[in-house]
Amino acid sequence: MTEPLAPQYNPSAIESALYAWWQERGLFSPDAGPGGSAATPYVVMMPPPNVTAVLHMGHGLNNTVQDVLVRFERMRGRRALWVPGTDHAGIATQNVVERLLAKEGLTRFDVGREAFVERVWGYVRETGAAILEQLKAIGSSADWGRTYFTLDDDLSRAVREAFVTLYEEGLVYRGHYIINWCPRCLTALSNEEAEKEETDGKIWHLRYPLADGTGHVTVATTRPETMLGDTAVAVHPDDERYRPLIGRALRLPVVDRAVPIVADHAVDPAFGSGAVKITPAHDPADFEIGRRHNLPSIDVMTPEARISLAAPERFQGLDRFDARARVVAEFEAAGLLERVEPHRHAVGHCYRCGTVIEPRLSDQWFVRMEPLARPALEKYRDGTLRFIPERRGDDYTQWLEGIRDWCISRQLWWGHRIPVWYCEAEGCARTTVSRSDVGACPGCGGPVKQDEDVLDTWFSSWLVPFSSLGWPERTPDLAGFYPGHTLVSAPEILFFWVARMIMSGLHFMGEVPYTHIYLHGTVRDTQHRKMSKSLGNGIDPLEVVERYGADALRYSLVSGMSVGTDVILDPDDLEGSFAPGRNFANKLWNAGRFILSNIEGPVRPLAGAPDAVRPDELALADRWIIARCDATVREATDAYEKFRLNEAAGAVYRFLWSDLADWYIEQIKPRLYGDVPGGDAARAVAVQTFDVALRLLHPIMPFVTEALWRRFPGRTANASISVAHWPRPDARAEDASAIAEFDLVQQVVGAIRGIRAEYGVPPGQTVRAYVSQDGRAVHAALERERGTILRLAKLSELVLGESTERIGGHAVLPDGTAVFVPLGDAIDVDRECGRLGAEAERLSSLLGSQEKKLSNEQFVARAPADVVARERDKMAAWSEQRDVLLGKRKLLGCG
RNA sequence: GGGCGAAUAGCUCAGCCGGUUCAGAGCGCCUGCCUUACACGCAGGAUGUCGGGGGUUCGAAUCCCUCUUCGCCCACCA
C-alpha cells in the first residue's frame, strides 16, 4: 500500500494486473465476443436489489457502452448482469471454422483476424476444432456435400421448444414461395439478409409477337434471362390499349412457346409499356400473379444460378449473366429488341458475401409474423417500450407495420437443424414436428428423415432474453432476471434481432424482455465509412489498448458519443483520437499520487464522527471544492441515467482536471506542506472529493480508478471500487456563496496572470498587485484566499485597495472589480492605453445594443419580467466596468 | 421513390423545449515556462458571415419554410 507510484501511469502493467485480479474474484468476464464487432450480443438486465455481476472489458463500442452501464447500475446497488449471447455460437463457430480452414489452406469462406481466434469463447474454439476434424475427415471441399454440425449448446432445447410451439399454434408453416437465394452460399435468406443496394442497371424493352402474327406486345425487364421461364404477359384489366388482347396468345421468342395475355390489377399501366412479362418461378410479384391465374412455373435456374435443363439446350449451363447477354443478342438478331435504357434500381445482395440475390422458388419454413408483430407494436404505443434515442421508435413501428413472414430455413451446414422429420415409408408421407429426436414414424413406424435445413441464426437469437436464463425450464435465473431493463444494441440489428426479441418475449413469456432499448451509433472513419475489416479502415482495439490503455480507448469512445450519433475516429491518427484519454488517465494518476504522498495515517472524515472535520476548519477553497464535487455528482448521475455517457464523462473530466487538479490541489499545497495551518482539513477534503470523482468516473475508466482507489487508506485488500456505492448528492454540500467567492479568487488570479503574460514578466519574478472594489464582501473572500492568490499569481504583495501608482497593467472583472499590477518602467503606456481603450470600446458597443434593446418598448412589454431585469443588471454591470476602465485610462494619462 | 439524421474554429464535436459578455470544449497551432503530482504537464494567446436564402419574434446557432452537400434506413413497380 505504501510502495511509491511511478510518475507516469503505465496502462499495460496496471490494466493486466487488475484484469487478473478481477477475474480471480469473479468480477470480470474476459470474453470479447465474436470478433469484438458491434454485432456482439450482450444483454443488460437489472431488476433490484441484490448485487451480482459479470464485468467486462469491452473493446468495441457496444461492449464498452454495456460495460459502462452495468458498472453504473451495479454501483447504485442494482443487480446488473451481462448475459453473453451464446446463441451466436452459430456465427462464432462459423467464423472460427473459417479461420481454421484458412490456416489449413482450405479456403472456402472469408477469413477473420488472427486475433479473433484468440478471443472467442473457449467452447466455441473447441467446437470449431472439432468441426474442423470432421471436415478434414470428410476430405476435400468438393466432397463435403451436405453434412450437419448441430451445435450442442444450451439453446438447442429452447430453439426446438420455440419452433414446435409456434408450429402447434399455426405460426410456423412450410410453404412453396419465392425466397431470396444466394447462389454462392447456396442458401435461402430472409428479407433482412438480402441487402438492397442502388445499382445502375439497364432496362430492356422486348417485343413478344402475337401468336397469330398480327402484331406484338412490348414488355420491359431488368433481367432478360428470366424470359426463358415466362409463362404469361400481364396487363391491367382497365388498360384500353390492351383490353382487346386479353386472353389472346403470344409467341415467346427464343424459347418458341405460346403464352397467354392475362389481366391483373397488380400491373401499373403507367409504368413502362403497361405490359409485364410474368416469370412465376423467378419473381415474387410474378409468383403471386401466376397463382391467381393458375400459370405454370418454369424454374430455369439451378441453385448456382446457371440456366437449367428447363431452358433450350443452347442456354443450359450458362451463367445467369452470360445467359442475359445471349438472350438480348437473340432478341436483337430477330429485330425484337425495341430499345435499352439505363435504369437505376435496388438489387438485393447477400449480406454475407455480397453476391446478387436470385429470387428462387422453393420449399422453405416461415414464421407468420403479423400475430407476433401486433402486440409488439402495442407495447411501444402504450409507452411500455422506450427507445433511446426516441426517433428509433419510428423505424421500429414502420418495420412492424409492414412486416412480412419470416423465412427461417437455411441450407447451411452449421446451426440448429429444423426439428421436423418426414416419413420415408411408401404411401405414408407423414410429417412429424417434435421437441425430441424422432427415430421412427409415429404413424406407420417406418423410417424417418430429418429436414435437411437448419434454422436462421436469428431464430435462436430472438430467444436470448429468456433462453439464456434456462427457458423453457422455469429456472430461478429466469424468474429473477426476466424481464430485463435495458438492451444496448447497434441500430443495424434493430430488425434482425431487437424487434424480434421483443416479439418472442411477448409471445413466449408474456412480457417485453426490456423496457429500454438503447441504440448507440456506429464507429466510422473520417469519411464516415463504417469501420470494417474488409475495408481495411478499422482500428484494432487491441493495438489501442496496448499503446494507450483500455481506459483511453473507453474514454475516447464514450466521450465522442452523444446519444444516437456515430463516433468518428481517424484510423490514421490514433494519437489524436486516443491520446486525450491516456493523458486524462495520467492526470488522474498523478493527482492521486500527489494526494497519497501527502497523507500518512488515517484521514479524518468530513462528517459523522467525533473526530470529523469541523465546519470552522474549512477554508473557502474547501467549501468550494465540496460544492463543486456535489454539483458534479448530480450532473454525472443525471447524465448516466439518461444514457448521456459523453456528458457524464465531460462533467467528471472538468471537475477532476479544471477544478481539482488546476485549482484545489494548488490551493492546498502550503497547508499540506505545513507552511500554514489547516493541513488536516485539506487532506480530508482532498481524499473525500477525489474519492467521489473516482467513483463517478469508474464506469468509464475502470482501471485507473480502481488502481488508485484501492490504495487509499482504510481499503482492505479485497475492496474494489467496482462494488463501491455510488456517491449521493448532499444538499448540505451546496454552497452558492463559496462558489461565487472562489470564482472571484480565480478571476483575480487569472487577471494578474494575463497582465504578466501581456508584458512579458519573467515567470520567476514576483510583482505586486492591487485589487479594489466598492463592495466589501468580495474583499473578505480575497482576504481569506490571500495566500492562494499570492502563490498562484506569483505576487510579492497583494493590496486590497487602490494604488497611488499609475503606471502598470490594469484589468477590470465583470463585476467591476479592478485589478492593478504596477510595473513601473517595464510597462509600455501606449500599449496599455490601447488595451484598455479596446476593452472599453467593446463594452461600449455592447452597451449600445443593450440600450437599444432596453429602450425597445416591445421588448420591455413582451419579454418576461425576469429577463428584462436581468438585462438591466447586465447593462449596469457593463457600464460600471466601462467607467472603471475609462478611469484607469485617465490615470495613465492616455490621449 | 418514401422516411430520417447531420452541416458550428484547421480536425472531432458540445450548445439547439429562443433571452446569463453565447459563440464553447478537446486536439492541432502560436508565445513563455523542465514552478519538487503530472512536459501524457503548467500559464497565456489567435482562430468561426453557427452550410446558403427566406420567414416567425421585442430577440434566432436555437423555431418554421426552402435550397445545397453528406450520410443512414426503408421500398416486389417489371
Side-chain angles (χ1 to χ4, degrees), chain A residues 5 7-9 178 191 196 203 219-223 226 234 266-268 270-273 275-279 283-288 343 345-346 359 389 391-392 394-395 398-399 402 404 491-492 494-495 522 524 526-530 548 552 559-560 562 564-570 573 575-577 579-598 646-647 650 653-654 661-662 665-666 669 750 753-754 756-758 760 762-764 792 794 814 842-843 846 850 853 856-864 866-868 870-871 873-874 877-878 881:
Chain A
L5 304 183
Q8 217 166 60
Y9 178 62
I178 298 278
N191 293 321
K196 290 300 172 72
I203 186 160
V219 297
T221 179
T222 54
R223 295 185 297 151
T226 62
V267 178
D268 177 2
F271 187 88
S273 63
V276 190
K277 60 187 277 303
I278 301 299
T279 323
D283 185 279
D286 292 6
F287 177 77
E288 294 302 326
H343 186 65
H345 60 138
R391 62 189 156 79
R392 292 291 178 187
D394 294 340
D395 298 343
Q398 202 184 337
W399 186 70
R404 280 174 287 160
E492 61 256 35
L494 176 60
F495 307 137
T522 308
R524 299 178 183 280
T526 47
Q527 293 167 57
H528 299 120
R529 295 178 308 180
K530 193 171 157 181
Y548 301 94
S559 62
S562 55
T565 62
D566 293 338
V567 178
I568 311 291
L569 294 174
D570 186 349
D573 182 19
E575 189 71 12
S577 300
R582 176 201 57 191
N583 297 352
F584 183 36
N586 190 51
K587 187 71 182 178
L588 264 186
W589 179 256
N590 275 291
R593 197 161 70 96
F594 175 80
I595 294 170
L596 283 167
S597 69
N598 283 290
N646 60 324
E647 290 180 12
Y653 181 97
R654 283 190 297 275
D662 286 350
I665 285 183
E666 291 307 325
K669 278 178 179 172
R753 282 172 172 171
R756 294 180 61 113
E758 180 81 16
L792 299 188
K794 272 254 187 292
R842 192 181 66 88
L843 285 168
L846 276 173
Q850 196 69 1
K853 185 187 258 185
N856 182 334
E857 285 174 27
Q858 296 284 352
F859 171 70
V860 178
R862 297 195 190 192
D866 60 318
V867 171
V868 176
R870 214 182 305 145
E871 295 300 323
D873 291 348
K874 244 196 279 183
W878 294 346
Q881 228 179 312

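These values consider heavy atoms only, across backbone and side chains, with no hydrogens, waters or symmetry-generated copies. Each chain gets a letter, A, B and so on, in the order its sequence line appears, and its residues count up from 1.
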* Asked: Charged N to carboxylate O below 4.0 Å: is that the case for Arg392(A) and Asp395(A)?
  ->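 Answer for the salt bridge query: yes.
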Integer-rounded Å distance: [N] [atom2] and [X] [atom1]:
X         : N      : atom1 : atom2 : answer
Arg753(A) : C42(B) : CZ    : C1'   : 8 Å
Lys853(A) : U20(B) : NZ    : C1'   : 10 Å
Glu647(A) : C16(B) : CD    : C1'   : 13 Å
Gln8(A)   : C38(B) : CD    : C1'   : 8 Å
Ile568(A) : U12(B) : CD1   : P     : 8 Å
Glu857(A) : U57(B) : CD    : P     : 18 Å
Arg391(A) : C4(B)  : CZ    : P     : 11 Å
Tyr9(A)   : A39(B) : OH    : P     : 17 Å

With a 4.5 Å cut-off on side-chain heavy atoms, are [Y] and [X] touching?
X         : Y         : value
Phe859(A) : Val867(A) : yes
Leu792(A) : Arg753(A) : yes
Lys587(A) : Tyr9(A)   : no
Asn646(A) : Ser562(A) : yes
Asn590(A) : Arg593(A) : yes
Pro284(A) : Arg404(A) : no

Determine the interatomic distance between [atom1] on [N] and the same-named atom on [M]; round to the nearest Å.
N      : M      : atom1 : value
C17(B) : C63(B) : C1'   : 10 Å
A25(B) : C72(B) : C1'   : 27 Å
U8(B)  : U62(B) : C1'   : 12 Å
C22(B) : A61(B) : P     : 14 Å
A6(B)  : C16(B) : P     : 13 Å
A75(B) : G2(B)  : P     : 16 Å

Looking at every strand, decide which applies to [X] at a 4.0 Å heavy-atom threshold: base, sugar-phosphate, or nothing.
X         : value
Glu758(A) : nothing
Gln881(A) : base
Pro491(A) : nothing

* Point-to-point distance, once rounded to the nearest 0.5 Å, from OG1 of Thr522(A) to CZ of Arg524(A) ->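 Atom-to-atom, Thr522(A):OG1 and Arg524(A):CZ are 4.5 Å apart.
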* When rounded to the nearest 0.5 angstrom, what is the spacing between CG in Asp283(A) and NZ in Lys277(A)? ->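 So the CG of Asp283(A) and the NZ of Lys277(A) are separated by 8.0 Å.
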* To do: Both distances under 3.5 Å, Watson-Crick or G-U wobble: on that basis, could you give the dot-bracket string for RNA chain B, with [ ] for crossing pairs and | for other-strand partners?
  => (((((((..((((.....[....)))).(((((.......))))).....(((((..]....))))))))))))....
* To do: Using the closest heavy atom to pick a nucleotide of RNA chain B for each, name whichever of Thr565(A) or Gly754(A) lands nearer the 5' end.
  =>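 Its nearest nucleotide being more 5', the pick is Thr565(A).
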* To do: Please identify each residue that fulfils side chain to side chain contact (heavy atoms under 4.5 Å, CB included) with Thr222(A), with sequence neighbours left out.
  =>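 With sequence neighbours excluded, Thr222(A) shows a side chain to side chain contact (heavy atoms under 4.5 Å, CB included) to Ile203(A), His343(A), His345(A), given in chain and number order.
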* With sequence neighbours excluded, tell me which residues meet side chain to side chain contact (heavy atoms under 4.5 Å, CB included) with Pro763(A). =>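 Residues passing side chain to side chain contact (heavy atoms under 4.5 Å, CB included) with Pro763(A): none at all.
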Distances for protein N/O vs nucleotides 72-78 of chain B N/O pairs under 3.5 angstrom?
from   : atom 1 : to        : atom 2 : distance (Å)
A75(B) : N6     : Glu198(A) : OE2    : 3.2
A75(B) : N1     : Glu198(A) : OE2    : 3.3
C76(B) : OP1    : Arg404(A) : NH1    : 2.9
C76(B) : OP1    : Arg404(A) : NH2    : 2.8
C76(B) : OP2    : Arg404(A) : NH2    : 3.4
C77(B) : O2     : Asp268(A) : OD2    : 3.1
C77(B) : N3     : Asp268(A) : OD2    : 2.8
A78(B) : O2'    : Ala220(A) : O      : 2.7
A78(B) : N6     : Asp268(A) : O      : 2.6
A78(B) : N6     : Phe271(A) : O      : 3.0
A78(B) : N1     : Asp268(A) : N      : 3.3

* Mind checking ring pair (Phe, Tyr, Trp, His ring centres under 6.0 Å) for Trp878(A) and listing every partner two or more places apart, or none if nothing turns up? =>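 In terms of ring pair (Phe, Tyr, Trp, His ring centres under 6.0 Å), with neighbours along the sequence ignored, Trp878(A) is linked to no residue.
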* **Protein proximity profile, nucleotides 22-37 of chain B - base contact B, sugar-phosphate-only contact S, no contact -, cut-off 4.0 Å on heavy atoms** => ---------------B
